[in-house]
Engineer: 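Below you will find the structure I want to go over with you.
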Amino acid sequence: MSTKWFVRKAHKVTFDSTADEAWRIMSQYNEPYVFIEDGEQPGRIAAFLRTTDIMPSVNQREWMERKVASLPYQTHLMHIQQEADMLDFFKVFGEEIVVLESRDGRHESYLTREDVLYYLLTNQSTGSDWIRSLLHSIPLGIVIADGHGRIENFSAEALRMLRAEPDELRREHAGSLLDGEIFQNVIERGEVVLNHIIVNDKIGVLADFGPIRNKHGHVTGAIIVLQDLPYIENMAMELEYVKNLNTDLQAILSSIYDEILVVDEKGVLLRYSGKWVEDFRESRLEDLIGTNLMELEHEGGFFASLVKMVLERRRKVSVMQESRTGRNVLAVGNPVFDAKGKLERIVIALRDITETVLLKEELRHAKKMSERYKKELEHLRDQKSYSGQRQVIYGSEKIEKVMKYIHKVANVSSTVLLTGESGVGKEVFARCIYELGPRSSKPFVKVNCGAIPEALLESELFGYVKGAFTGANASGKQGYFQMANKGILFLDEIAEMPLSLQVKLLRALQEREIIPVGGTEVVEIDVQIITATNKDLEKMVEEGTFREDLYYRLNVIPIAIPPLRERPEDIPLLSLHFLHKFNEKYSRSNQLSQDALDVLESYSWPGNVRELQNIIERISVTTDEELIEASQITPLLKRGKTSPSSLRRPAKGMSLKEATKALEDQMIKAAMEEYKTTSMAAKVLGVSQSTISRKYQEIQERIGRGEDIGITI
């Protein structure tokens with residue numbers, strides 16, 4: 001089939017041409033299109049412009065001076081060979097423009113859908129009969145009219161929609177049957193009119209009018225495409241349903257707690273919810289619609305990695321991200337696939353979990369503390385087998401070692417020397433030895449050597465016979481040694497025993513016999529001796545104030561009880577134990593807050609367990625509140641002299657290490673004075689609570705020894 005008679009010449013411009021140049025070509029040649037030449041392949045067409053794209057702006061000088069590259073040009077072009085056969089021309093039914101390609105690959109001409117359609121419908125050759133059959137099978141009404149309005153051809157659907165017989169329709173004028181004014185504009189001005197509604201007593205259709213041009217560009221007729229209004233109404237109803245569905249979807253997205261972003265498989269943002277995560281991005285989401293998030297400078301790094309992981313793994317991916325202000329954001333990327341398994345969308349959900357992370361950390365800390373207290377309670381239950389009625393309350397490794405040692409030596413009757421600062425509870429450990437040993441059913445006699453006058457101490461220890469001295473009991477009296485026979489004699493403050501009695505005590509230990517004051521008969525005894533002192537007996541031996549032979553006799557099994565400041569783990573346990581004891585004694589229901597326990601744990605306790613017990617009893621009796629806070633504890637504790645908390649210059653000759661340590665001590669001390677508790681001080685200084693507790697105890701010890709804390713001039 002020859003196509004020469006309806007092929008049009010393609011008039012070209014470049015992307016650098018102006019809109020005004022393109023319009024002049026269209027006007028000069030009366031062409032509805034002007035084509036844009038491919039800059040990389042000369043002679044080939046890359047895109048085209050319609051008259052209707054430029055016509056609305058021909059009177060705007062600034063617009064007409066714009067480059068073609070910035071105009072709304074079209075790139076959808078179909079190419080076929082210039083000598084193509086009949087079947088190839090059917091492809092143009094769905095195309096607006098078809099570019100004809102010469103044998104050397106150049107594009108010099110084109111044809112339009114209307115040209116081919118008009119030719120096929122008006123050609124009377126026998127080869128076109130089957131084309132007419134094809135036209136009648138199209139589910140649209142098609143009417144072909146010449147320039148005078150005479151109807152030359154039509155489809156079967158057109159007859160049905162217009163409710164006319166073929167002969168009747170051929171006698172009708174297209175303008176009077178459909179819309180005369182619109183038809184005349186198409187014929188005279190070459191306009192294309194779309195979606196024109198025609199409703200009268202006979203018909204109700206939606207009509208599209210298009211001009212048919214000859215090879216010279218002159219309008220020779222019109223093609224009218226008709227659609228049933230009921231069908232359009234159904235489409236409109238479906239569109240309305242989709243619109244309402246979209247509104248509901250947006251409302252649902254806006255009510256969800258998470259921020260939702262929907263992107264396509266390339267990362268282009270399609271829609272978002274009304275919720276947003278603060279401080280997570282610099283750009284507004286409404287400005288990012290249609291933007292590829294993977295190409296953004298600031299947010300793109302995070303979104304690009306998330307989308308990439310979803311594409312690679314083809315499953316849900318969760319990522320934690322921190323915002324510019326330090327907020328924790330959980331991002332979940334969820335892939336959406338079509339029926340064939342191809343990725344269509346990626347739904348990204350963002351949630352601010354800062355509060356959740358904090359609550360989780362607090363819960364973890366609470367669980368850790370609960371587990372710690374649980375273990376301590378279980379440990380206390382186990383201790384009952386060690387300590388009997390006089391419970392030794394502890395949780396520290398140091399006391400654990402002492403108790404294991406006591407458990408070993410309690411089964412023998414060797415002499416035990418308990419050493420330690422005043423108030424550490426030496427008597428409690430002495431009774432523990434007694435209750436764990438084989439003598440637990442026999443007497444336990446305690447003697448405070450420093451509390452009995454020297455003149456009476458001998459008679460109290462060894463007893464006396466009738467008439468031993470003036471004022472003595474007429475029948476005599478047993479001494480503590482005899483009273484403790486078969487049991488344990490606990491000699492507290494042994495360093496206070498006068499030298500004159502140390503000889504008789506040594507004899508009693510060596511010979512296991514005594515002679516009462518004023519008597520002559522020897523009394524055999526079976527007593528285990530436990531002594532205790534808070535003084536350095538070895539130093540007293542060097543100074544001659546304590547007998548060396550007695551010291552070695554007493555120091556068979558030495559046990560050193562560590563001071564309370566060296567075992568801070570025991571402080572909360574002892575505090576709670578004493579509080580429970582005094583609650584029962586005074587019918588109270590007091591409790592200690594965690595901050596109060598922190599204050600107690602941070603104190604150096606120069607008076608050891610005795611001082612702690614006194615403090616707990618005092619606050620139990622005097623407080624009006626059931627919950628004892630740190631502010632009530634702090635005034636009861638003795639604090640040493642402190643140096644000013646302001647920063648001062650280091651002393652001359654002080655090394656950097658010494659100055660750093662001094663500054664650290666000064667900051668810790670100032671924080672504790674300000675915030676009262678180790679937990680608050682640790683939070684402010686950015687370290688752990690255990691670090692502050694340990695270092696603050698060291699500071700208090702040095703203050704107690706009179707050392708200066710901080711940097712001095």
Side-chain angles (χ1 to χ4, degrees), residues 378-394 399-420 424-449 451-452 457 459-464 473 475-494 497 504-516 519 521-533 553-561 574 577 580-581 584-585 609 613:
E378 291 175 352
H379 187 63
L380 289 175
R381 292 193 196 101
D382 295 339
Q383 290 175 27
K384 288 187 177 181
S385 61
Y386 278 5
S387 54
Q389 295 179 351
R390 292 274 183 161
Q391 291 187 28
V392 179
I393 308 299
Y394 67 93
I399 299 299
E400 177 71 21
K401 291 180 180 178
V402 170
M403 290 303 300
K404 286 182 178 180
Y405 190 63
I406 286 176
H407 194 67
K408 290 180 180 179
V409 304
N411 292 322
V412 298
S413 296
S414 301
T415 303
V416 178
L417 174 61
L418 298 172
T419 59
V424 294
K426 294 185 286 294
E427 180 183 350
V428 174
F429 290 95
R431 287 190 177 274
C432 187
I433 295 172
Y434 163 69
E435 292 175 359
L436 288 171
R439 298 174 181 263
S440 58
S441 60
K442 303 301 179 180
F444 178 88
V445 179
K446 175 191 173 184
V447 180
N448 190 327
C449 299
I452 303 175
L457 183 57
S459 62
E460 292 292 322
L461 284 174
F462 303 109
Y464 57 87
N473 192 303
S475 59
K477 180 184 176 183
Q478 282 188 337
Y480 291 127
F481 270 93
Q482 291 172 285
M483 293 169 59
N485 193 38
K486 303 296 182 180
I488 290 179
L489 178 62
F490 176 49
L491 299 177
D492 197 8
E493 305 294 345
I494 188 65
M497 180 171 285
K504 294 195 72 174
L505 178 60
L506 178 62
R507 174 182 171 81
L509 293 175
Q510 289 178 339
E511 306 298 335
R512 294 193 176 277
E513 59 183 26
I514 61 169
I515 300 176
E521 294 182 6
V522 174
V523 179
E524 293 185 356
I525 54 169
D526 178 13
V527 176
Q528 181 182 2
I529 301 296
I530 299 178
T531 59
T533 183
R553 190 62 185 174
L554 297 177
N555 197 34
V556 177
I557 299 178
I559 299 177
I561 310 301
L574 288 167
H577 168 72
H580 177 70
K581 173 183 174 181
E584 289 186 344
K585 182 176 180 180
V609 180
Q613 183 176 3

Engineer: Give, for atom CD1 of I559 and atom OG1 of T419, the distance between the pair rounded to the nearest 0.5 Å.
Structural biologist: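 Nearest 0.5 Å value for the CD1-OG1 distance: 9.0 Å.
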Engineer: Is there a donor-acceptor contact under 3.5 Å from the side chain of K426 to the main chain of G420?
Structural biologist: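 Indeed, once roles are kept as given, a pair shorter than 3.5 Å links the two residues.
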Engineer: After noting the C-alpha distance and the side-chain angles of F462 and Q482, does the key distance pass the side-chain contact (heavy atoms from CB on, under 4.5 Å) rule?
Structural biologist: CA-CA 7 Å; F462 303 109; Q482 291 172 285; over 6 Å; no
Engineer: Could you check if a side-chain atom of L436 sits within less than 4.5 angstrom of a side-chain atom of I406, using non-hydrogen atoms only?
Structural biologist: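 Answer yes - side chains close enough.
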Engineer: Could you check L417 against I530 for side-chain contact (heavy atoms from CB on, under 4.5 Å), going step by step and ending with a plain yes or no?
Structural biologist: CA-CA 6 Å; L417 174 61; I530 299 178; over 6 Å; no
Engineer: Can you tell me how far the SG atom of C432 sits from the CG atom of L418, to the nearest 0.5 Å?
Structural biologist: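 It comes to 10.5 Å.
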Engineer: Return the OG1 to CG distance between T531 and N555, rounded to the nearest 0.5 Å.
Structural biologist: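 So the gap between those two atoms works out to 8.0 Å.
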Engineer: Quick check: closest heavy atoms across A410 and I433, and the distance to 0.1 Å?
Structural biologist: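 Heavy atoms of A410 and I433 come nearest at CB-O, 3.8 Å.
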Engineer: Grab the two heavy atoms, one from M497 and one from L505, that are nearest each other, plus how far apart they are.
Structural biologist: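 Heavy atoms only, the tightest pair is SD-CD2, 3.5 Å.
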Engineer: What closest approach, in Å, do S414 and I557 show between heavy atoms, and which atom pair accounts for it?
Structural biologist: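 Distance-wise, the nearest heavy atoms are CB-CD1, 3.4 Å.
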Engineer: In Å, rounded to the nearest 0.5 Å, how long is the span from CZ of R512 to CG of N485?
Structural biologist: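 Taking CZ in R512 and CG in N485, the distance rounds to 10.5 Å.
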Engineer: Going through the checks in order, is the side-chain contact (heavy atoms from CB on, under 4.5 Å) test met by V428 and V392?
Structural biologist: CA-CA 7 Å; V428 174; V392 179; 3.8 Å; yes
Engineer: Considering the options I488, V416, L489, which one meets the side-chain contact (heavy atoms from CB on, under 4.5 Å) requirement together with I529?
Structural biologist: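 With I529 as partner, I488, V416, L489 yield a single side-chain contact (heavy atoms from CB on, under 4.5 Å), made by L489.
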Engineer: Look at atom NZ of K442 and say whether more than 12 heavy atoms of other residues, nucleotides or ligands are closer to it than 6.0 Å.
Structural biologist: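 For K442, atom NZ is not crowded (no more than 12 foreign heavy atoms under 6.0 Å).
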Engineer: For E400 and K404, run side-chain contact (heavy atoms from CB on, under 4.5 Å): C-alpha distance rounded to whole Å, both residues' side-chain angles, the deciding distance at 0.1 Å, then the answer.
Structural biologist: CA-CA 6 Å; E400 177 71 21; K404 286 182 178 180; 3.2 Å; yes
Engineer: Classify the ring geometry between F444 and Y434 as parallel (under 30°), tilted (30 to 60°) or perpendicular (over 60°).
Structural biologist: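 Judged by the thresholds at 30° and 60°, the geometry between F444 and Y434 is tilted.
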Engineer: Are side-chain heavy atoms of K446 and Y480 found at a separation under 4.5 Å?
Structural biologist: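 K446 does not reach Y480 side chain to side chain.
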Engineer: For the residue pair P443 and A484, what are the closest heavy atoms and their distance?
Structural biologist: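 The pair with the smallest heavy-atom distance is CB-CA, 4.3 Å.
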Engineer: In the structure I gave you, are the side-chain heavy atoms of E460 and V447 within less than 4.5 Å of one another anywhere?
Structural biologist: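 Sidechains of V447 and E460: no contact.
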Engineer: At their closest point, which heavy atom of A560 faces which heavy atom of V402, and how far apart are they?
Structural biologist: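 For A560 and V402, the tightest heavy-atom pair comes out as O-CG2, 3.9 Å.
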Engineer: Please report the interatomic distance CD(Q613) to NE2(H577), rounded to the nearest 0.5 Å.
Structural biologist: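 Answer rounded to 0.5 Å: 7.5 Å.
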Engineer: Nearest heavy-atom pair of E513 and I525: which atoms, and what distance?
Structural biologist: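 Nearest pair, atom of E513 first, then I525: N-CG1, 3.9 Å.
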Engineer: Please round to the nearest 0.5 Å and tell me the distance separating atom NZ of K504 and atom CG of L506.
Structural biologist: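 Result: 12.5 Å between the selected atoms.
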Engineer: Between E427 and R431 (salt bridge meaning N to carboxylate O under 4.0 Å), is one present in this structure?
Structural biologist: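 Yes, charged N to carboxylate O under 4.0 Å.
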Engineer: Charged N to carboxylate O below 4.0 Å: is that the case for R439 and D526?
Structural biologist: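 The answer is yes: the pair qualifies as a salt bridge.
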